[in-house]
Amino acid sequence: MADAAPKTAAAKRSAPTLVELVRRHLTEQNEPRSASEVSAALNQANPERAPRTTVVRNTLEGLVAKQQAQRAKQGTSVYYTAVSAQEPPAAPESSTEAS
């Protein structure tokens with residue numbers, strides 16, 4: 001019975017983190033996703049983990065802070081997309097134009 005604990009700990013260490021799962025899911029998508037959509041997809045793919053939407057939203061915001069994801073607001077909704085390794089994050093738009 002004592003052997004079960006080390007096997008479980010080893011399995012947890014080899015399992016991807018929530019950050020890795022969220023980043024991977026965003027990279028596989030062709031269009032922006034909301035936190036609830038990402039959460040639902042992760043719950044379906046990993047029912048043993050079942051992260052709450054608020055935890056997924058915080059994870060997504062962490063990726064935005066690390067410039068590994070982008071946030072876009074549409075009305076009251078917020079959508080996230082992955083930032084690919086090839087393209088740098090979008091520069092803030094300038095309101096001045098060259099004359």
Side-chain angles (χ1 to χ4, degrees):
M1 199 70 144
D3 292 334
K7 288 180 184 176
T8 304
K12 283 187 179 181
R13 275 185 253 125
S14 67
T17 65
L18 182 59
V19 173
E20 292 168 342
L21 290 173
V22 170
R23 188 181 313 123
R24 186 181 311 152
H25 177 73
L26 279 182
T27 334
E28 294 170 352
Q29 303 308 305
N30 295 330
E31 54 189 37
R33 299 285 183 211
S34 69
S36 61
E37 291 171 327
V38 173
S39 179
L42 292 177
N43 286 333
Q44 186 175 7
N46 305 288
E48 71 283 356
R49 296 195 62 170
R52 294 178 150 217
T53 303
T54 53
V55 174
V56 172
R57 184 177 298 114
N58 290 338
T59 303
L60 287 162
E61 288 297 328
L63 290 172
V64 169
K66 295 178 199 172
Q67 298 183 345
Q68 296 177 1
Q70 291 181 332
R71 174 190 324 115
K73 282 189 162 187
Q74 293 180 0
T76 58
S77 301
V78 180
Y79 294 94
Y80 300 89
T81 54
V83 174
S84 69
Q86 294 85 11
E87 69 181 52
E93 292 183 16
S94 173
S95 60
T96 60
E97 292 182 13
S99 308

Exercise answer: donor-acceptor pairs, residues 57-64 side-chain atoms, under 3.5 Å, sequence neighbours excluded:
from : atom 1 : to  : atom 2 : distance (Å)
N58  : ND2    : T54 : O      : 3.3
T59  : OG1    : V55 : O      : 2.8
E61  : OE1    : R71 : NE     : 3.2
E61  : OE1    : R71 : NH2    : 2.5
E61  : OE2    : R71 : NE     : 3.1
E61  : OE2    : Y80 : OH     : 2.5

Least distance between heavy atoms, [X] atom then [Y] atom:
| X | Y | answer |
| --- | --- | --- |
| L26 | A69 | CD1-CB, 4.1 Å |
| P51 | L18 | CG-CD1, 3.9 Å |
| P16 | L21 | CG-CD2, 3.7 Å |

Check your understanding: Taking only residues two or more places apart in sequence or in another chain, which ones pass salt bridge (charged side-chain N to carboxylate O under 4.0 Å, His left out) with R33?
Key ->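 R33 satisfies salt bridge (charged side-chain N to carboxylate O under 4.0 Å, His left out) with E31 once adjacent residues are dropped.
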Exercise for review: Check whether any side-chain heavy atom of K73 lies under 4.5 Å from a side-chain heavy atom of V78, and answer yes or no.
Suggested key: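 K73 vs V78: side chains touch.
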Review point. With sequence neighbours left out, which residue pairs that include part of residues 35-50 fulfil the salt bridge (charged side-chain N to carboxylate O under 4.0 Å, His left out) condition?
Key: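 Of all non-adjacent pairs touching residues 35-50, none passes salt bridge (charged side-chain N to carboxylate O under 4.0 Å, His left out).
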**Study point:** Pairing residues for T81 by the side chain to side chain donor-acceptor pair (under 3.5 Å) criterion, not counting sequence neighbours
**Key:**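 Counting only residues at least two positions away or on another chain, T81 forms no side chain to side chain donor-acceptor pair (under 3.5 Å).
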Check your understanding: Of all residues at least two apart in sequence or in a different chain, which pass the side chain to side chain donor-acceptor pair (under 3.5 Å) check with S36?
Key ->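 So S36 forms a side chain to side chain donor-acceptor pair (under 3.5 Å) with S34.
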Check your understanding: Can you name the residues that form a side-chain contact (heavy atoms from CB on, under 4.5 Å) with T76, not counting sequence neighbours?
Key ->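 Expected list: none.
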